[in-house]
Amino acid sequence: MEIDATPFDVLVRLDNGVVDRCELVGMVDVATRSITAAVLRPTTKSVDAALLLARSVTPAPMRPGWPEALRMEHSLRLHRHPGGTLPGQAKYLHQRTGGSISSLFHLIRAAAISAIIDGSERISRRLLDSVPVDHSTQSDNPAPSDDEDDGIGDAA
């Protein structure tokens with residue numbers, strides 16, 4: 001693993017309201033060339049190394065923000081989708097999206113649009129499996145096998 005900090009050449013508004021530059025601090029797995037964790041900071045401190053290590057070894061479903069992201073299904077206005085089913089699919093959705101909140105939002109949004117277009121008005125495991133995620137996530141995280149319990153069901 002390698003930790004590196006790179007200053008950004010853009011101005012940002014910091015938490016204290018001051019406009020200044022910030023640094024991107026990242027942890028990279030040198031063997032696979034994968035970014036395992038990254039944070040934006042006004043200045044790099046030694047505590048950032050501990051934070052990056054913690055983010056690298058903590059599964060995304062256990063990180064702050066992941067369960068709340070799955071609750072976004074309540075904002076979907078699908079007439080036949082049973083609310084509360086996506087949080088029960090955290091393991092499947094994490095594997096499918098590689099733990100990326102951005103990929104998760106894309107997957108759920110695209111599935112909801114497909115459900116509206118096809119008239120089913122619900123998100124099923126079959127529908128989620130049919131929605132492609134971004135290329136790097138798709139190639140790094142093959143779809144889980146069909147024999148896993150999905151809790152969503154495919155009956156109309």
Side-chain angles (χ1 to χ4, degrees), residues 1-6 8-10 12-13 15 22-41 48 50-156:
M1 301 300 267
E2 182 177 288
I3 297 176
D4 191 24
T6 303
F8 271 17
D9 287 331
V10 295
V12 297
R13 185 172 311 277
D15 290 339
C22 64
E23 293 183 356
L24 174 66
V25 185
M27 180 175 273
V28 178
D29 180 345
V30 180
T32 63
R33 296 183 177 172
S34 300
I35 298 173
T36 60
V39 293
L40 284 172
R41 293 280 189 236
D48 293 327
L51 174 66
L52 291 174
L53 180 59
R55 285 188 178 183
S56 289
V57 299
T58 304
M62 296 175 67
R63 294 181 195 167
W66 184 262
E68 290 79 12
L70 293 176
R71 289 189 196 123
M72 72 178 276
E73 82 177 304
H74 295 296
S75 67
L76 302 175
R77 298 297 179 228
L78 300 173
H79 298 291
R80 293 185 192 100
H81 179 75
T85 57
L86 294 181
Q89 295 303 305
K91 182 179 175 184
Y92 163 77
L93 292 168
H94 179 263
Q95 181 178 0
R96 186 74 202 287
T97 62
S100 166
I101 296 289
S102 172
S103 292
L104 174 69
F105 285 160
H106 168 78
L107 176 63
I108 294 173
R109 183 177 60 243
I113 291 169
S114 293
I116 291 168
I117 291 170
D118 71 18
S120 67
E121 292 283 329
R122 64 187 300 276
I123 297 175
S124 67
R125 171 73 177 267
R126 184 174 297 139
L127 180 60
L128 287 168
D129 285 340
S130 72
V131 174
V133 290
D134 61 88
H135 177 70
S136 63
T137 301
Q138 189 77 36
S139 59
D140 291 345
N141 303 291
S145 64
D146 288 337
D147 61 347
E148 290 184 24
D149 180 26
D150 64 15
I152 294 177
D154 287 319

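By convention here, the first residue in the shown sequence is residue 1.
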Minimal non-hydrogen separation, [X] against [Y], with atom names:
{"X": "R122", "Y": "L127", "answer": "O-CD2, 3.6 Å"}
{"X": "S130", "Y": "P132", "answer": "O-CD, 3.4 Å"}
{"X": "I123", "Y": "A112", "answer": "CD1-N, 4.1 Å"}
{"X": "R80", "Y": "S120", "answer": "NH1-O, 3.4 Å"}
{"X": "A37", "Y": "L52", "answer": "CB-O, 3.6 Å"}

Taking the side chain as C-beta and beyond, is there a heavy-atom pair between E121 and L78 under 4.5 Å?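 SC-SC contact between E121 and L78 confirmed.
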Contact between V28 and M1 at the side-chain level, heavy atoms closer than 4.5 Å - yes or no? no
For side chain to side chain contact (heavy atoms under 4.5 Å, CB included), just list the numbers for L128 and L93, CA-CA rounded to whole Å, side-chain angles, deciding distance to a tenth of an Å, and then say yes or no. CA-CA 9 Å; L128 287 168; L93 292 168; 4.2 Å; yes
Any donor-acceptor pair under 3.5 Å from R96 side chain to S103 backbone: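 Looks like no, no N/O pair under 3.5 Å.
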